[in-house]
Amino acid sequence: MVNFIKRDKDDIYAKPILGFLFKNQKFLLSLKIAVSVLFVYALYFGFAHTGKENTFTTAVFWGIFWSLFMVLTLPSFGRIFCGICPHGFMGKYITKYGLKKTMPKWMQNRFIGVLLLVFGWWGVYYMFPGLFRTAQGTAILFTVMTLIAFVVYFLYKDMSYCKYICPIGTFTRAYAKLSFTWLGTYKSACSDCRTFECATACPYNLKPFTFDNRNSMTDCTLCMDCSSACEAVSFKFKKPSFSLFSKLQPLKAEVWAYILILASISISMSFHHGIGRSNAADIMIWSQTAEFLKNYIDFGSIDTIGLFAFVYALIFTISAALIGMFIASKILKKDFNATFYDLGYSYAPLFILGSIAHSLEMFFLKGYEHITEGFAYGFGFTLDVAPLANRGDGWLHVFGLLKWVAIIWAVIILYKRVKLLEVSRLRKIAAFPFAASLIIFFLGVNMYTGYVFKTYGKASGGHGNHGSEKLFQSVPADKATLLQQGKDKKSCATCGMTLSNSYKANHAAKQNGEIKQFCSMHCLAQEVSINKTELKDLQAVDAKSLKFINAKEAYYVLGSRQRGIMTKSSKFAFADKNDALEFVKANGGEIVTFDEAYKNALKDFRPANTYTFKKPAINDSIYFSQENPAIKKKGYGGGHNHGGARDRVPTKEVWPVFEDDMGNKNCLGTIEAELYLLDANLNTTQTAASKSPGCKSVSFKMPDNGYYNLFYIDKKIHDDTLHVKTAKYEFMRFNHSNDAVYDKEKMAAHTIKETPFDIVRIREDDETFYHNLYSGEKIRVQVLLEGEPLEGADVKLSTKTLWSKSLKTDKDGVATFELIEDYFPKWSEFNKRYKNEFLLTASYMRDIEGDINSTKYEKIRYSATYPSFYYPNSSQYSSYAYGLSAALLSIIVSGFAIYWYRARRQKPFKEVSFNEKD
Ligand code: SF4
Ligand code: SF4
Ligand code: SF4
């Protein structure tokens, strides 16, 4: 042990600020405690605040720890992520007081951590993309990991969890080889040492004085405990990845970590989230395989395209590495294993630099905002910050250069490692391109992705598309030619859709000399063939020039991969056949005449006289449903895709329905009731149902944040009773975009003067736009008659599973219900937040005489409905987590007890001697 040493200039411990940060034990201890407290608090917060408003837990784990801090520090300062890791920090003390057993040989396998990371994490991520993204999912995941870590620390010595089990351990050990720092010792001091305090201080039982000679820091996590034990420990700046330029003892798991992590993250992401955003997404082998196998296998809620993108990425990447290295080993006349594991270290930069590029780009686009607002929320205050960059900012491309740096860096490492081989120069040159096969493959994937986008273009909403690209058929409003006049000139004459949103599919025609413009051929066909409107001079937009042309002379491309408007089979018109051919080449489909395209459009409709609708009985309640009940029934058609750009004003469509004696939902073929919309700014407007034949629906736009209320008010006299039926649909729109403002004023529930009878859900004081209803929660509803609270009204709450409870309103017109838990998700639905629907029905009879249009009545029967939904209580998910943890703990404890019991029963060998005389 040495108490003083003259440090070299490149020793970080000798630097003024860095020396303090990396060596001062009080500072390091405070930092580790602070990170551990943050870790525990974020876990607690994830269980305590399960809603999507909790961005704190995800900001801590996915915003700072994983994506940013780890990938930024690994190729720079090395494993300092491990140096402050709460598991490692707490594990040190658990191990100290633990059983200190030697980990069984079968567990001392460094592939365990890599395989857990690749298949246990990334494989699951591609199959169930939303599983770990929520605060609660994150908290559950890290709680389970923590429990496993603590049990292993307790049982086994020398921080075996970090060495063999931690999914991050092998990863950080492998990529830290690229860093420009090195922990070692001053040889001059160590040569006379007889005490070796540095080794006894190391919780990992490592010998820092051997690191230089071995050209490896083995499992060192840069916890810096050894540096406090002896001044001869150094932490120096070196050339980046310098240890890879010399001979080293290869570790198989590290080379496989480079390959498998490159495949499961970089290549899978390029396939799924890169090429998946192009128009060629559907023709890629992973999409085709998913589509094909779906015919034979029920994949449930698995994202099959994600799964097969992952599988193919593994197959291609592993094949590229193995085949290339196999040929290289033959050329070099060397053993395959020796070649593969020795030269495989050149793969190290490929993933990590690409990952830095992605992490930095995401930090400027979203991360900064997510982390800042998340931390503010976690510590009880509100911050509204803008992102540091916007998608499309040119300077963000600078991060893309890091991928090319990665390729160059990998080639340099390969060159240096090939140089170390003792074979002829000619063989080295011949083997080089084969040894570089994985680097070439990585380059190829990047270039192919660029080629795909250039050739096929960005998809308007392809699989894995998380961007905000506009749909192919949309144009900016100022680019759309409007042939029709009047206040509604920007909307389709039939369905009301904004014309610019589907401009490239627009049609126009004259009705009594006046031009009508339609969003698509679907609406044109509806007007002509269903509504029997006489239209002349049919025109269509040329999808190339954006000018209107004679529709009957146009070349239509039918059934392309571009999304259809109001139909499943898209139809785009072109003036020039060559333009149509070019479009077919890029998007598929076939060229047809106007008549053939029109005939196809008619397939979207059934003749109006073939629709049959049940009529509601006079006492049947009408309520709004978010689903068209006819879609599930054979023969009603429907299921049109309304298309629409992502940036247009959101629209809600709902269907007034009633239930028959069998409990089946039925839609209405006609609506005689009055319809009103109360918007977020408290303006009431009368509205109308859809005109198209089939189930009647009501659509409304939601331009502003706040509550929208739709009212269906029907008054009919039957026998001597006036039946007043109100169906209310309340929908909250809150856009979480940067400029979105949460306005408490808009939380209040409202009624309108047009409805004599209404039911409102009272908001509680702590309720915000983020609030969801959960089982176990109490809701209060108030029944209003002519705007005044009504005592004695019958109110019933019924759920989808037919549980119901009836109450009478109190003197304030209020009834209070507890939302019960009557749905328990299956394991296959564990990653989904199950929405349980409920319906509130209020009714009241009143003896009062009157008449409507001279038809007299003697009493009035009022009824009102209010549908809504709630989620399972967060405690349910917590109880899954607790159950899982308890099961895990009991398995481990039982295993340990059996082991201990068996060990005690093994009697020590005792020689028995017999007295032969007896
Ligand atoms: S190996 Fe894993 S548990 Fe150990 S310090 Fe590193 S990240 Fe933490
Ligand atoms: S072997 Fe360890 S304790 Fe001994 S002088 Fe070197 S660094 Fe110090
Ligand atoms: S060698 Fe030093 S820094 Fe590395 S793990 Fe051991 S004590 Fe920590």
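Only heavy atoms go into these numbers, but all of them, side chains included; no hydrogens, no water, no symmetry mates. All of these numbers come straight from a predicted model, not from anything done at the bench.
Considering every non-hydrogen atom in both Ile267 and Ala313, the closest pair reads CG2-CB, 3.7 Å. Shortest non-hydrogen contact noted between Ala688 and Val698 is O-CG1, 3.9 Å. Taking each heavy atom of Gln484 and Ala493 in turn, the nearest pair found is OE1-CB, 4.1 Å. Closest heavy-atom contact between Gly706 and Ala680: CA-CB, 3.9 Å. When all heavy atoms are compared, the tightest approach of Ser699 to Thr687 is O-OG1, 4.4 Å. Between Trp395 and Leu388, the closest heavy-atom pair is CZ2-O, 4.1 Å.
We find the CD1-CG distance between Ile515 and Leu535 to be 11.5 Å, quoted to the nearest 0.5 Å. The distance from the CZ atom of Phe271 to the CD1 atom of Ile285 is 9.5 Å, given to the nearest 0.5 Å. Interatomic distance, CD of Gln517 versus CG of Leu482, reported as 5.5 Å (0.5 Å rounding). Here the straight-line distance linking atom CZ of Phe548 with atom CG of Asp537 works out to 13.0 Å at 0.5 Å rounding. Taking CZ of Phe574 as the start and OH of Tyr555 as the end, the distance is 13.0 Å to the nearest 0.5 Å. For the atom pair OG1 of Thr593 and CG of Leu558, the computed distance is 10.0 Å after rounding to the nearest 0.5 Å.
For Tyr729, the side-chain hydrogen bond (donor to acceptor under 3.5 Å, both in side chains) partners two or more places apart in sequence, or in a different chain, are Gln626. Evaluation of the salt bridge (charged side-chain N to carboxylate O under 4.0 Å, His left out) rule for Asp714 yields Lys716 as partners, not counting sequence neighbours. Partners of Trp655 under the ring-ring contact (aromatic ring centres under 6.0 Å, His included) rule, at least two apart in sequence or in another chain, do not exist in this structure. The ring-ring contact (aromatic ring centres under 6.0 Å, His included) search around Phe399 returns Phe364, not counting sequence neighbours. Remark: Glu534 engages no residue in a salt bridge (charged side-chain N to carboxylate O under 4.0 Å, His left out) (not counting sequence neighbours). Applying the salt bridge (charged side-chain N to carboxylate O under 4.0 Å, His left out) rule to Glu730 yields the partners Arg763; only residues at least two apart in sequence or on another chain are considered. In terms of the ring-ring contact (aromatic ring centres under 6.0 Å, His included) criterion, residue partners of Tyr598 (sequence neighbours excluded) are, by chain and number, Phe594. Annotation: side-chain hydrogen bond (donor to acceptor under 3.5 Å, both in side chains) contacts of Ser268 (sequence neighbours excluded): none. Gln539 is linked by a side-chain hydrogen bond (donor to acceptor under 3.5 Å, both in side chains) to nothing, counting only residues two or more places apart in sequence or in another chain. Every residue was checked against the side-chain hydrogen bond (donor to acceptor under 3.5 Å, both in side chains) condition with Asp579, not counting sequence neighbours, and none meets it. Applying the ring-ring contact (aromatic ring centres under 6.0 Å, His included) rule to Phe572 yields the partners Phe472, Phe583; only residues at least two apart in sequence or on another chain are considered.
More than 12 non-hydrogen atoms from other residues, nucleotides or ligands lie less than 6.0 angstrom from NZ of Lys652. Environment of OH in Tyr451: sparse, with no more than 12 heavy atoms of neighbouring residues, nucleotides or ligands closer than 6.0 Å. Other residues, nucleotides and ligands place more than 12 heavy atoms under 6.0 Å from the CD atom of Gln686. The environment of NE2 in His370 is crowded: more than 12 heavy-atom neighbours from other residues, nucleotides or ligands sit within 6.0 Å.
Side-chain atoms of Ser570 and Gln562 include no donor-acceptor pair closer than 3.5 Å. A donor-acceptor contact closer than 3.5 angstrom is absent between the side chains of Ser502 and Ser520.
Screening Tyr623, Phe624, Tyr676 for a side chain to side chain contact (heavy atoms under 4.5 Å, CB included) involving Tyr712 leaves a single residue, Phe624.
SG distance check for Cys492 and Cys519: not under 2.5 Å.
Ring geometry for Tyr126 against His272 counts as perpendicular: the plane angle is over 60°, on a 0 to 90° scale with 30° as the lower cut.
Applying the ring-ring contact (aromatic ring centres under 6.0 Å, His included) test to every pair with at least one member in residues 480-509, sequence neighbours left out, gives these pairs: His507-Tyr556.
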(message) Walk me through whether Tyr312 and Trp286 qualify under ring-ring contact (aromatic ring centres under 6.0 Å, His included).
(response) CA-CA 7 Å; Tyr312 277 107; Trp286 49 90; 7.1 Å; no

